[in-house]
Amino acid sequence: MNKFLKYIILNLLISCSFSAITFAEIIPQKKRLATILVTDASQIRIKFGVEKLRSALITIGYEVKIKPVSKTKEIGNVIVISTLSDEKLQNILSLYNLDNKKDLGKEGFSISKAINKPMLIVGKDASGVLYGCLELVNQIKETGKLSEEINISEQPEMVLRGTCIGLQKPTLLPGRGTYEYPYTPESFPWFYDKAMWIQYLDMMVENRYNSLYLWNGHPFSSLVKLKEYPYAVEVDDETFKKNEDIFRFLTQEADKRGIWVIQMFYNIIIPKPFAEKHNLETQDRNRPIIPIIADYTRKSIAAFVEKYPNVGLLITLGEAMEGVGQDDVDWFTKTIIPGVQDGLKAIGQTTEPPIVLRAHDTDAPRVMKEALPLYKNLFTMAKFNGEALTTYTPRGSWAELHRKLSRIGTVHVENVHILANLEPFRYSSPDFIQKSVLAMHSVYEANALHLYPQASYWDWPFTADKADKRLLQIDRDWMWYKTWARYAWNSNRKRENEVNYWGKELAKKYGLPQEKAKNVLAAMEETGEISPKLLRRYGITDGNRQTLTLGMLMTQFINPFRYGLFTMLYESEAPEGEMIIEYAEKEWKNEKHIGETPVRVADEVVAHGKKAVEAIDKASKFVTKDKTEFARLKNDTYCYNAMANFYAEKVRASLSVLRYKYSNDVKDLEKALPLLQSSVNHFTDLVKYTKNAYLYANSMQTKQRKIPMRGVDATFIHWEEMLPVYQKELVRFKFSIDSLKSQKNVSVKQATLFENVEVKISAGSEGFYQNEKGQEVFTDTLSAISDLAVQLKQLKGLKFNREKQQIVGTSLTFTTTESVKLLVGFFNDKNRKFLQAPELETDASANDYGQSEIKISNAVLIAGFPAVNIHAYSFKPGTHTLNVGKGACLVVGFMKGNQEIPISDAGLAGNKKNIDWLFE
Ligand code: GTR
């Protein structure tokens, strides 16, 4: 008799005589048999899930047989696996006398088993079956056995649960613009690493993520060839083949795991060789839609869809296209959608691949309205809290936009973007994240998630940690991915259970007793409050031009508008409350404070830091596993604490300094001095903690970075570089106080006049004006200068027709024999009839000429117009054309390129006294 038969007979005998005792318990030394019956094993997702289940069963000592269903009953442990709609499921149910009354939603599954009956894993669809199998695998891993009785049923709340990876880098490639990164092994060696992809995709399916977004400026020239535009391809043949191979591999492996790959791109960016051939810029925000670019893009999209019909597309209509306007609608409805449709037609496919439209720098509701009649499978996406994590109580106009998009009836995706305020420290507060997901549903009415890496987005796959071998984000930030996924699947989980759940996870991770692991969780949740609160109450912007963990300058606290304050941060991405400057004014006027105040946040973050340090210290000596990582987590907790104290003290100092603005009493400044000194001490601690722990604070190291300091060429990326800045600020402040007390040198240094440069204008302007009071600045109105900053007096202004500026924009072509700065005056008003100041939050090219910051605020007054802020555009010798977009603006004149422009506030708009000079 063969071994197998012996096995069966023995099994039968035993199970007859001791039916209540499982076979496994009786002969543990022998292999038990588990038979998996699969109704449709041809489905790749089901196959994948079944394979995982088989391995798990083998590890706990089973011999596993996988069989199709048949009319005869199997004996022993039977696991039936099927989708709900499979006809064969009914046959099995009657064969084994089972019933299955579960009502399942998309991707849902149920696992049920009664004593002595087969186990049933039923999925609504193939993904549901896959998740059901993996759920059972988890249970097997947890308990070491196959349950005798089980009855669970689950389905996701969010229909899309995705993560993203950027094919982008911390710095620009030589000779290329923002987002312009062809897919090559030199730029992205990790992209071709199949083992790494498998690790990542396994992490995704483990967490039940079902979408993976790849971000890039213009991916098509790395992935498709067009016969009409052969010269557009940006990679050599060998690389092109590698790209095809890896893209196929990735999409197939993703599909097995229930993951849908979505390729993101920005508009309108064209490949460098294409641009050169046609004498065009690769991107130009102010260029109208050009037929050849539209034709090229449409064909690229068609070829891509034809080649990868199961890959979705994520579209950014903003950035390199004009902000908001008809062009966006036209581009989407006349180029992108037709491109997708051409691709489908070419392969005779009628199922539309999904297109996700980002509400970034575009009027998404308007675009959707025009697009829906043409294409049905549309989604929308908008940033949850800008490019940061600030609040789970979003509100205001941004919340309105989300709701508006959700209410279209298509799926609206919440984009947890960049996380510029969390970089580079570890962050995974389950409490904050759960509340955020709840807010996505309740405030934004959304039901999908798109998640950025926790830190170092621009430096994928590495973290910023200093280590002998660079750490991988996927390893370090495991909990970040797990937390968002857990709540995207189901956000309504009881707090108490959650504390136990995460306690268990952390106990496993660090080999800790459960109670000590809960201390680690407490530390993470305490630190989890610090960066969100700091940014939303003190920050300049929710965008990644600010690196929160590097601190802020005094002038940024006391004069935020000078730094291009992004007010939406306070109005929409923070609970109701007050900014530092508002608080100081109210204090002085004895007015009632409202909501979350800067003082309250200063106290709260200090308390969070203290509690976090106490909690992590309690767990520290009990750690038995992964000690190095624990030491890093602990060090991060100390970093958060030092940072919280730095901010708190500096804010307290700022409030005292702002009081001086009203009181004119030097004593107020004197009160600020020890606070500022203390903030520098805390920053010194932060330098101590980060010095050997981190390579950098921010993964984006281009000239887009502005706060606290300009980050061009990877400078001001480490705390060490910031400490001297803060020390200098302190010395200068002491000096200013002394000067005030001795009544000497008390005001700003005398402003130097800007030196005019004569350039040859070949097109654009319609005459000149002198920068003097009474001079008319436009050709079509009599509006004249009523006051202006002294620095501008020698410059020769250029006249434009204001109405033309509003309708077609301002364009100027000129030739210069030396380096120059062209000063442009922006009216300080959000009305679209005025040219809008460059804004890095919505336009990554907004600093290409160094123009993003205000050089002189409130510098010119013109009767009947808002005050004017001056920005400077730098040019090398040569002939240039500058297009700045639609809306009235002043072109104040050309000055020497090498003459420094000290940033200042001319204070002409009747705004209060400027006290920035106390610190600079
Ligand atoms: C910009 C930001 C970019 C990018 C972009 C976007 O403002 O600086 O790094 O994140 O937004 O949303 O696509």
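Counting starts at 1 for both ligands and their atoms, in listed order. Just so it is clear, the values below take in all heavy atoms, side chains as well, and ignore hydrogens, waters and symmetry mates.
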*Salt bridge check: are Asp363 and Lys369 linked by an N-O gap of less than 4.0 Å?*
no
_If the cut-off is 4.0 Å to any non-hydrogen atom of Trp458, which atoms of ligand 1 fall inside it?_
9 (O)
*Among Tyr179, Tyr457, Tyr452, Trp215, which one has a heavy atom closest to atom 3 (C) of ligand 1?*
Tyr179
*asked:* Ring centroids only, cut at 6.0 angstrom: are Tyr213 and His450 within range, meaning strictly under it?
replied: yes
_Within ligand 1, which atoms have a heavy atom of Leu840 less than 4.0 Å away?_
1 (C), 7 (O), 8 (O)
*For ligand 1, does Glu319 get within less than 4.0 Å through its side chain, its backbone, both, or neither, judged by non-hydrogen atoms?*
side chain
*Taking only heavy atoms of Thr842, which atoms of ligand 1 are found under 4.0 Å from at least one of them?*
7 (O)
*When the aromatic ring centroids of Phe834 and Phe826 are compared, is their separation below 6.0 Å?*
no
*Does ligand 1 have an atom under 4.0 Å from some heavy atom of Arg358?*
yes
*Taking the six-membered ring for Trp and the full ring for Phe, Tyr or His, determine whether the centres of Tyr444 and His412 are under 6.0 Å apart.*
no
_Exercise: do His360 and Glu319 side chains pair donor with acceptor under 3.5 Å_ = yes
*Ligand-side contact atoms (ligand 1) for residue partner His417, heavy atom cut-off under 4.0 Å*: 4 (C), 6 (C), 10 (O), 12 (O)
*May I ask you to identify, for His360, whether its side chain, its backbone, both or neither come under 4.0 Å of ligand 1 on a heavy-atom basis?*
side chain
*Are His417 and Tyr452 near enough that their ring centres are under 6.0 Å apart?*
yes
*Which of the atoms of ligand 1 are close to Tyr266, meaning less than 4.0 Å from one of its heavy atoms?*
4 (C), 5 (C), 6 (C), 13 (O)
*Around atom 2 (C) of ligand 1, find the nearest protein heavy atom and jot down its residue, atom name and distance.*
Glu387 OE2, 3.4 Å
*For Asn544 and ligand 1, answer yes if some heavy atom of the residue is under 4.0 Å from a ligand atom, otherwise no.*
yes
*Any heavy atom of Lys383 sitting closer than 4.0 Å to ligand 1?*
yes
_Glu853/Lys706 ion pair, N-O < 4.0 Å_ = yes
*Starting from atom 8 (O) of ligand 1, which protein heavy atom do you reach first, and at what distance in Å?*
Gln704 NE2, 2.7 Å
*Would you confirm whether Gln473, through its side chain, and Ser456, through its main-chain N or O, come within 3.5 Å as a donor-acceptor pair?*
yes
_Using the ring centroid of each side chain, check whether Trp719 and Tyr696 are separated by less than 6.0 Å._
no
